[in-house]
Amino acid sequence: MKAITEVVALFLGFVGWVMIFVSLQDQYWRVSTQDGSVILTSAIYENLWMSCASDSTGVYNCREFPSLFALPGYVQACRALMIASIVFGTFALAATLAGMQCSKIGGENYILKGRIAAIGGVFFLLQGICTMIAISWYGANITREFFDDFFPGIKYEFGEALYIGWCSATLAICGGSCLVCSCQVTTPNDNIKYSYRQSSGGLHLSPMSAPHSVPSNYDKNAYV
């Protein structure tokens with residue numbers, strides 16, 4: 001059962017890791033709102049790296065942000081968090097593959113493999129947390145500017161990349177939680193107790209069986 005849980009956790013974490021790249025490459029992190037516009041002549045959409053504009057004829061033009069330091073602080077922080085989530089996801093995949101029970105890496109040392117799998121689960125959790133913080137922070141700024149009546153710039157709405165990022169974070173957190181909860185840190189043989197047995201060849205270790213109840217020759221009334 002634990003092996004199946006590890007495979008499912010690895011699949012969830014891997015899908016979440018791939019969706020980070022999809023979200024970063026998507027240009028629709030935020031899209032200019034159409035609320036209150038009767039005639040739509042152009043639309044502006046942005047992500048963490050560039051800004052694009054398209055008109056009613058379908059012609060669009062994109063430009064990368066010219067300066068890193070000219071960007072708002074939350075955009076720089078979201079970039080760093082998304083890159084960190086990719087790094088954490090890479091470490092998580094490597095650790096999980098090495099710590100799975102069906103993997104040949106590490107031999108049959110299930111204690112070590114269980115700990116490595118647990119480390120992979122922690123990395124998946126860090127991946128999901130970083131992604132969730134970045135996406136939620138970006139979305140919170142969009143919401144704040146949209147409902148600010150005194151905001152002088154262009155107001156935006158959520159783009160499809162934010163929903164992909166939220167799904168990615170959820171999958172990574174679910175996969176990491178499954179790994180951490182199902183990691184095996186002891187082997188079945190660790191719970192077996194041994195006793196010394198005297199024989200003609202010397203002392204030998206033999207596993208002790210569970211203690212059995214010894215029948216008593218006394219009646220219950222004798223204990224009163």
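Residue F11 places its CZ atom among 12 or fewer non-hydrogen atoms of other residues, nucleotides or ligands, all under 6.0 Å distant. By the neighbour-count criterion of 12 heavy atoms within 6.0 Å, atom CD of Q25 is sparsely surrounded, having that number or fewer from other residues, nucleotides or ligands.
Side-chain atoms of Q127 and S85 form no donor-acceptor pair, as typed in the model, at a separation below 3.5 Å.
Hydrophobic cluster membership differs between V122 and I86, with clusters built from Ile, Leu, Val, Met, Phe, Trp and Tyr side chains linked at under 4.5 angstrom. Note on I135 and F21: same hydrophobic cluster, where clusters join Ile, Leu, Val, Met, Phe, Trp and Tyr whose side-chain heavy atoms are under 4.5 Å apart, directly or indirectly. By the rule that hydrophobic residues join a cluster once side-chain heavy atoms approach within less than 4.5 Å of another member, F65 and L68 end up as members of one cluster. Both Y163 and W137 belong to a single network of hydrophobic side chains, linked directly or stepwise wherever heavy atoms of I, L, V, M, F, W or Y lie under 4.5 Å apart. Hydrophobic clustering (ILVMFWY, side-chain heavy atoms < 4.5 Å, transitive): I83 and F88 are in distinct clusters.
When all heavy atoms of I20 and S168 are compared, the closest pair comes out as CG1-OG, 3.2 Å. Considering every non-hydrogen atom in both I116 and A98, the closest pair reads CG2-CB, 4.2 Å. Shown here for I173 and G128, the closest heavy-atom pair between the two residues is CG1-CA, 3.9 Å. Between N47 and Y138, the shortest heavy-atom distance links the atoms O-OH, 4.1 Å. Across all non-hydrogen atoms, the minimal contact from L24 to M82 is CD2-CB, 3.9 Å. Here the closest heavy-atom approach between residue A161 and residue S23 is recorded as O-OG, 3.1 Å.
T143 places a side-chain N or O within 3.5 Å of a backbone atom of G139 that can act as its donor or acceptor partner. Judged purely by atom type and a 3.5 angstrom limit, S32 uses its side chain to pair as donor or acceptor with the backbone of I44.
Rounding to the nearest 0.5 Å gives a distance of 11.0 Å between CG of L125 and SG of C130. One finds the OG1 atom of T33 at 11.0 Å from the CD1 atom of I154 (value rounded to the nearest 0.5 Å). In this structure, CG on L81 lies 10.5 Å from OG on S136, to the nearest 0.5 angstrom. Note that the CD1 atom of I164 and the OG1 atom of T131 stand 12.5 Å from one another [nearest 0.5 Å]. Residue L171 holds its CG atom at 10.5 Å from CZ of F124, rounded to the nearest 0.5 Å. To the nearest 0.5 angstrom, N61 atom CG is 10.5 Å from M50 atom CE.
Between K155 and E145 the shortest side-chain heavy-atom distance does not fall below 4.5 Å. I119 is not listed as a side-chain neighbour of T96, based on a closest heavy-atom distance of 4.5 Å or more.
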For side-chain contact (heavy atoms from CB on, under 4.5 Å), just list the numbers for W49 and E64, CA-CA rounded to whole Å, side-chain angles, deciding distance to a tenth of an Å, and then say yes or no. CA-CA 6 Å; W49 315 101; E64 296 183 355; 5.8 Å; no

Does the pair V22 and D26 meet the rule for a side-chain contact (heavy atoms from CB on, under 4.5 Å), with working shown? CA-CA 6 Å; V22 177; D26 199 314; 5.5 Å; no

Assess whether side-chain contact (heavy atoms from CB on, under 4.5 Å) is satisfied between C62 and Q27, documenting all intermediate values. CA-CA 10 Å; C62 296; Q27 298 175 350; 4.1 Å; yes

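At a threshold of 4.0 Å, the pair E160-R30 does not count as salt-bridged, since none of the basic side-chain nitrogens sits closer than that to a carboxylate oxygen.
Ring orientation note: the planes of F14 and W17 are tilted relative to one another, at an angle of 30° to 60°.
Residue Y45 is tested with Y28, W29, F158, Y156 for a ring pair (Phe, Tyr, Trp, His ring centres under 6.0 Å); the sole match is Y28.
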